[in-house]
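Input: a single structure, listed below in structure tokens.
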Protein chains: 12
Amino acid sequence: MSDHVYKKTEIVGSSKTSIEDAINKAIARANATLKHLDWFEVVETRGHIQDGKVAHYQVTLKVGFRLSE
Amino acid sequence: MSDHVYKKTEIVGSSKTSIEDAINKAIARANATLKHLDWFEVVETRGHIQDGKVAHYQVTLKVGFRLSE
Amino acid sequence: MSDHVYKKTEIVGSSKTSIEDAINKAIARANATLKHLDWFEVVETRGHIQDGKVAHYQVTLKVGFRLSE
Amino acid sequence: MSDHVYKKTEIVGSSKTSIEDAINKAIARANATLKHLDWFEVVETRGHIQDGKVAHYQVTLKVGFRLSE
Amino acid sequence: MSDHVYKKTEIVGSSKTSIEDAINKAIARANATLKHLDWFEVVETRGHIQDGKVAHYQVTLKVGFRLSE
Amino acid sequence: MSDHVYKKTEIVGSSKTSIEDAINKAIARANATLKHLDWFEVVETRGHIQDGKVAHYQVTLKVGFRLSE
Amino acid sequence: MSDHVYKKTEIVGSSKTSIEDAINKAIARANATLKHLDWFEVVETRGHIQDGKVAHYQVTLKVGFRLSE
Amino acid sequence: MSDHVYKKTEIVGSSKTSIEDAINKAIARANATLKHLDWFEVVETRGHIQDGKVAHYQVTLKVGFRLSE
Amino acid sequence: MSDHVYKKTEIVGSSKTSIEDAINKAIARANATLKHLDWFEVVETRGHIQDGKVAHYQVTLKVGFRLSE
Amino acid sequence: MSDHVYKKTEIVGSSKTSIEDAINKAIARANATLKHLDWFEVVETRGHIQDGKVAHYQVTLKVGFRLSE
Amino acid sequence: MSDHVYKKTEIVGSSKTSIEDAINKAIARANATLKHLDWFEVVETRGHIQDGKVAHYQVTLKVGFRLSE
Amino acid sequence: MSDHVYKKTEIVGSSKTSIEDAINKAIARANATLKHLDWFEVVETRGHIQDGKVAHYQVTLKVGFRLSE
């Protein structure tokens, strides 16, 4: 982490299949507009229920990325 | 969510295979006695260890459901 | 849990594939030096990002084990 | 509170107009099926946005009521 | 905890004599209507004061019980 | 806030009509004995229920005031 | 919430009249530069005091909005 | 709680014998200088160890009392 | 506490009779292997229920002890 | 801590130079009106920004002091 | 704070020398792209260790700034 | 962090001069008995007061270190 400054942004990914997939979808989307993504922290895991089954996992992440100098 | 009133109930599901499976088992059981299940929130993830391996994942959820008028 | 005394230790496991795998790796390592592992509690889930994808899941656990009399 | 035993239940009320109205709607609905409602605690205040305005306030409460002997 | 699903309910017991007595009164009352009570977690300890002395201890518990299959 | 030292005191206001009114009543009472009240922070919102309606909102505040030099 | 990715941003609105008004002002301002605002969560309620009265309510919100594909 | 305003003060009682005794000592001392003590909330329980035994229980309380009009 | 360095370890004691007894059992066991135990902090109080009564109180403590130079 | 009763008060110190200086200013001011100050706990660290630099550090403390018998 | 709307952004500064220096570096970087920086709140203090010494302090801040009308 | 397993231990350092010095003393002591210290997280900052001044800063850290394979 040396002398850099980092920013954290909070995003929510969702997936029909798994918590990991929701995390990856959120990070892939963040990667489309932000450079230097470095780490994530799971803030909340929740989801939607339909017909007595999980319809979507919804995972809130904080994603940290290095700010360019 | 319009004008409805919702109730949250706290349940614990367990599974030998995964966190997602524990969530689904808890929701399936709640669905056997409650109507209009709408969303869930993961409150705690823990588990039991046997022979140096995870024996069960135990996931505590809050499950929200709409109360009938 | 009867009349025993337990100790909790905090460890961090990591995995390229899943949260469950990171949990299992942490427990397997704890099991190499500690006896009577009994339960775990997930404290934090985070990870490292490389090339816009999850490089490692890093899961912090508290692991409880029975102290010998 | 003398020697009674109380139970707390968690409910979510919603309203288009105010936080207080959401609280009252939740309590009115709880009162339809539960006796001896005694106090409430606000757990979370959130809401839905439509067209850049608050569409609904959604207030999560814990409602305490006395159990009959 | 094997493959069962558990539910948690939140209750408040009170006692003039001790925290332990308040816990026991809450559990005894829960046991009158619920089967398979398994564990409790203390959520809050508070009480009422009269004439400069504790009049009642009031202990809020989460009580976990196994749901029948 | 310059070089001053501030103190925070915790008070609870109540009102039959609204959360804002409970806040104002608490601050008005604090103002009767304390000088230089500067800011407040809402710590908890709860209330009393009678006949299936909110009887009183009870709002706990921390009130910050500047200490005289 | 289907397959979308959402972002949360943290804003603070203020109002001389009420908590709801502070929430609405914050959301109206966010709506001026962000599309697809979907929900909000109240994080903190505080305010400024002048002459023994509330001068401004200051409400911190997290506002969630859908990221365009 | 009607229309009164209450204040909370934070005190720490200690006792060689029990948690309840530490609570009572703190309240007795508060009662020596404050009127209208109404309720308490346990904030923290800790203590001092000597010769491998509890030397003192130290219990931090918030004590609420009604302010005179 | 002067210039020493302290370590905290987390242990769980259990007792059939009281919270204080569970604390003392945990400390007695810690004292068997650790020197210079100095203070404890109660982290969690829970327990096991059998036949509608408390079977064991289980109290989680952090125990602080001075490290030898 | 023996058999004494302690009180905690919450104060905010500020300083242009450092967090430690803000702590010391708060304690010096508390010492002007309170006897037997014994310990402090940092509750919050924040500050004011002017011209892209820290203008003041503002540190909120709980200060514990022994009540005279 | 009058009638303005503020935004909070979360950044992480690092420094080899002190916590205050890490705070200042984070704010200086934020000031390069954001106008009207007004206050900061310390969220987390951590750091990296090399050769048994602190290599970098890493301080996470929320920085509040006024949004232009 | 690749595929390693890490352990966290909780220690308290103290210093008469600064928070940073307390952190460094705690880490230096941990380094005397543990290998591969990697990072620290500040958990609590408190201290002792004598004669109206800070006598010692006491900083509680979690220190993370890599477990050898």
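Nothing here was measured: the structure is a model prediction, and the numbers come from that model. Protein chains get the first letters and strands the later ones, always in sequence-line order, with residue 1 at the start of each.
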So which of V43(B), I23(B), L37(B), L34(B) has the biggest tally of heavy-atom pairs under 4.5 Å with chain A?
L37(B)
If you check both backbone and side chains, which donor-acceptor pairs between chain B and chain A fall under 3.5 Å?
unit_1: E20(B); atom_1: OE2; unit_2: I19(A); atom_2: N; d: 2.8
unit_1: N24(B); atom_1: ND2; unit_2: Y57(A); atom_2: OH; d: 3.3
unit_1: D38(B); atom_1: O; unit_2: H48(A); atom_2: ND1; d: 3.1
unit_1: D38(B); atom_1: O; unit_2: I49(A); atom_2: N; d: 2.9
unit_1: F40(B); atom_1: N; unit_2: G47(A); atom_2: O; d: 3.0
unit_1: F40(B); atom_1: O; unit_2: G47(A); atom_2: N; d: 3.0
unit_1: V42(B); atom_1: N; unit_2: T45(A); atom_2: O; d: 2.8

Contact between F40(A) and I11(A) at the side-chain level, heavy atoms closer than 4.5 Å - yes or no?
no
Which portion of I19(B) sits near chain A, non-hydrogen atoms under 4.5 angstrom:
side chain
Whatever's closer than 4.5 Å to a heavy atom in chain A on V63(B) counts as side chain
